Amino acid sequence: MTIEKTVNGNVAEIIPEGWLDTQTAPELEAEIDELGSEVTEVVLNLEKLEYISSAGLRVIVAIHKKMNSLKIRNVSPEVMDIFKLTGFEKRFNIEA
């Protein structure tokens, strides 16, 4: 998995590409941990995410707990199926 990260003021946009699973979830978690205290909003752009496992879902929950605001954008149909199966589409702010 590769992760693109841009920070603009208090907003960080994270774009993971590939699979977010047990092997790669720590990478995303590390990117979030590196954000400064000035970042109060995270935008997860999932347009390039092909698959997410329960480990990836746990990281998203952790990001939600850590940040004041979490927005999820551009979710692929495959990942949205997993979000619906787990109820994440009701729990998080998911934008088209």
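Start at 1 with the first residue, then count along the sequence. Since the structure is predicted, the reported quantities are computational estimates derived from the model, not experimental observations.
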Decide if atom [atom1] of [X] counts as having more than 12 heavy atoms of other residues, nucleotides or ligands within a radius under 6.0 Å.
| X | atom1 | answer |
| --- | --- | --- |
| D33 | CG | yes |
| K84 | NZ | no |
| E27 | CD | yes |

Distance in Å, [X] [atom1] paired with [Y] [atom2], rounded so as to fall on 0.5 Å steps:
| X | Y | atom1 | atom2 | answer |
| --- | --- | --- | --- | --- |
| L44 | R73 | CG | CZ | 10.5 Å |
| E13 | N45 | CD | CG | 5.0 Å |
| I15 | E31 | CD1 | CD | 12.0 Å |
| L49 | L20 | CG | CG | 5.5 Å |
| T6 | I14 | OG1 | CD1 | 7.5 Å |
| L70 | T40 | CG | OG1 | 12.0 Å |

With sequence neighbours excluded, tell me which residues meet side chain to side chain contact (heavy atoms under 4.5 Å, CB included) with N93. K71, E95
Closest approach of [X] and [Y], non-hydrogen atoms and distance?
| X | Y | answer |
| --- | --- | --- |
| G9 | E38 | O-CG, 4.2 Å |
| I60 | F83 | CD1-CZ, 4.0 Å |
| M67 | V39 | CE-O, 3.1 Å |
| A25 | G56 | CB-N, 4.3 Å |
| M1 | I3 | CE-CD1, 3.5 Å |
| S53 | D21 | OG-CA, 3.1 Å |

Flag yes if V42 and V11 sit in one hydrophobic cluster, no otherwise; membership is Ile, Leu, Val, Met, Phe, Trp, Tyr, and two members link when side-chain heavy atoms are under 4.5 Å apart. no
Shared hydrophobic cluster, I52 / I32 (ILVMFWY, side-chain heavy atoms < 4.5 Å): yes
Could you check if a side-chain atom of [X] sits within less than 4.5 angstrom of a side-chain atom of [Y], using non-hydrogen atoms only?
| X | Y | result |
| --- | --- | --- |
| E89 | M80 | yes |
| I82 | L57 | yes |
| R91 | T86 | no |

Step by step, would you call L35 with K5 a side-chain contact (heavy atoms from CB on, under 4.5 Å)? CA-CA 10 Å; L35 294 174; K5 175 173 67 174; 3.8 Å; yes
Once ring pair (Phe, Tyr, Trp, His ring centres under 6.0 Å) is applied, do any residues pair with F92, and if so which ones, sequence neighbours excluded? H64, F88
